Amino acid sequence: MFKVPPISSARLPQLLRAMPKAELHIHIEGSLEPELIFALAQRNGLSLPYASVEALRSAYAFTNLQSFLDIYYAGASVLLHEQDFYDMAQAYLRRAAQDNVLHAEIFFDPQTHTARGVPIETVINGLHRACADARTELGVSATLILCFLRHLSEESAFETLEQAQPLLDKIVGVGLDSSEVGHPPEKFARVFARCRELGLHLVAHAGEEGPPAYIWSALDVLKVERIDHGVQAVHDPALMQRLAQERIALTVCPLSNQKLCVFPRLGDHNLGQLLDAGLAATVNSDDPAYFGGYINENFTQVFAATGLTARHAYQLAFNSFEASFASNADKRVWEHRLKEAFERCVEHDD
Ligand code: HPA
Ligand code: ZN
């Protein structure tokens, strides 16, 4: 393992921004900025229940996950045409490139759109075209993960999988999101088993608001490879040991956790505890348009609030590449670039 050189705390924010990284937990509908919501509403001849961009943004005061989801699904209702999905993903990928994201695995919620009569191919083709263009125009690698909405039925998830079947070459995996408490992973055992047979990668949100038991069943029943959020794992020592031993990555989203009141203050976040216990935690933005920042804001704010160090920074970025579903060849190239960024930072330190 690379020995992380000493880096002054004054230089740490700059290093956090400059270091190459992967983003593994970003809901593309959660990257829809109020300005783009208004522009798409106008383009599509829709009226919004908010008078202005400012009025919409000022409604972003959440008390828990559900209070956010209600407004997040409403915002996504302006997406109708393939170009809308393309424009949304292009805006995110341009922003991610500025934050030195080399690779993004992007969640999307097809049922939010198919329920409004938007065909699934409109969604997937628009997002996929933006990912392909990001590679050539930005040098960013981007892939798609289809998420099932867990507040809907198993039958609806199966129906969505069937609709997606002709387009499976455009996605790398499936996930599980939306209202967690009351919708345990077991509800989707059979559909995840089918996705596994199809050769898709598997992830699930678990232990964001829900109990450690949901993390256990995401692992043992759904057989997921990563846990999205997972911060409630700290309440179960045996689970912590399992996650550390098996190097199961947690895609942690600090600003999301603060805005949805999972932790009362960012300074109370347990990211350092997870890393120091040997877990493969990563830092991600979740829904950056709603939670006050893209990935670099998540890094700089949680580091400032909790006093994490350059060693933690290296570990988080390294984990993000290691836990991705990219090829081993790509991972080695990115990890080499990460090392170089740290060495460059030391050369310039005084
Ligand atoms: N949790 C669950 N569902 C979601 C989230 C989240 O943080 N963001 C978008 N859908
Ligand atoms: Zn999420």
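Note that the structure is predicted; figures quoted are calculated from it, not measured. Note that ligands are numbered from 1 as they come in the structure, with each ligand's atoms numbered from 1 the same way.
An angle of 90° is found at the Zn ion (ligand 2) between His25 atom NE2 and His205 atom NE2, rounded to 10°. Centred on the Zn ion (ligand 2), the angle running from His27 (NE2) to Asp286 (OD1) is recorded as 90°, rounding to 10°.
A salt bridge does not link Glu340 with Arg337: every distance from a Lys NZ or Arg NE/NH1/NH2 to an Asp or Glu carboxylate oxygen is 4.0 Å or more. With respect to Lys259 and Asp286, no salt bridge is recorded, no charged nitrogen being found less than 4.0 Å from a carboxylate O.
Inclusion of Asp228 in the first shell of the Zn ion (ligand 2) is not supported: no N, O or S atom falls under 2.8 Å.
Contacts with ligand 1 closer than 4.0 Å are made by side-chain heavy atoms of Leu65 only, the backbone lying farther away. At a heavy-atom cutoff of 4.0 Å, ligand 1 is contacted by no atom of Phe107, backbone or side chain. With a 4.0 Å heavy-atom cut-off, ligand 1 is reached by no atom of Asp228.
Each of the following atoms of ligand 1 lies closer than 4.0 Å to a heavy atom of Phe68: 8 (N), 9 (C). Ligand 1 places these atoms under 4.0 Å from at least one heavy atom of Asp287: 5 (C), 8 (N), 9 (C). Set against the non-hydrogen atoms of Asp177, the atoms of ligand 1 under 4.0 Å away are 3 (N), 10 (N). Heavy-atom contacts of His229 reach the following atoms of ligand 1: 6 (C), 7 (O) (cutoff under 4.0 Å). Close contacts between ligand 1 and Glu208 involve ligand atoms 1 (N), 2 (C), 6 (C), 7 (O) [criterion: under 4.0 Å to a heavy atom].
For Phe188 and Phe148, the ring centers are positioned 6.0 Å apart or more. Remark: aromatic rings of His27 and Tyr290 are distant, center separation not under 6.0 Å. Taking the six-membered ring for Trp, Tyr72 and Phe68 have ring centres closer than 6.0 Å.
Inspection of the Thr306 and His269 side chains reveals no N or O donor paired with an N or O acceptor under 3.5 Å.
The side-chain contact (heavy atoms from CB on, under 4.5 Å) with Ile227 is formed by just one residue from the set Thr251, Leu239, Leu219, Leu279; it is Leu219.
Cation-pi geometry between Arg116 and Tyr73 is not met at under 6.0 angstrom from the ring centre and within 45 degrees of the axis.
Closest to atom 5 (C) of ligand 1, if we only count protein heavy atoms, is His27 NE2, 3.5 Å. Here the heavy atom of the protein found nearest to atom 7 (O) of ligand 1 is Asp286 OD2, 2.7 Å. Atom 3 (N) of ligand 1 has as its closest protein heavy atom Ser178 N, 2.8 Å.
At least one heavy atom of Leu69 sits under 4.0 Å from some atom of ligand 1.
The number of heavy atoms from other shown groups lying within 6.0 Å of CZ (Arg242) is above 12.
Without hydrogens or angle criteria, Lys21 side chain to Ala317 main chain gives no donor-acceptor distance under 3.5 Å.
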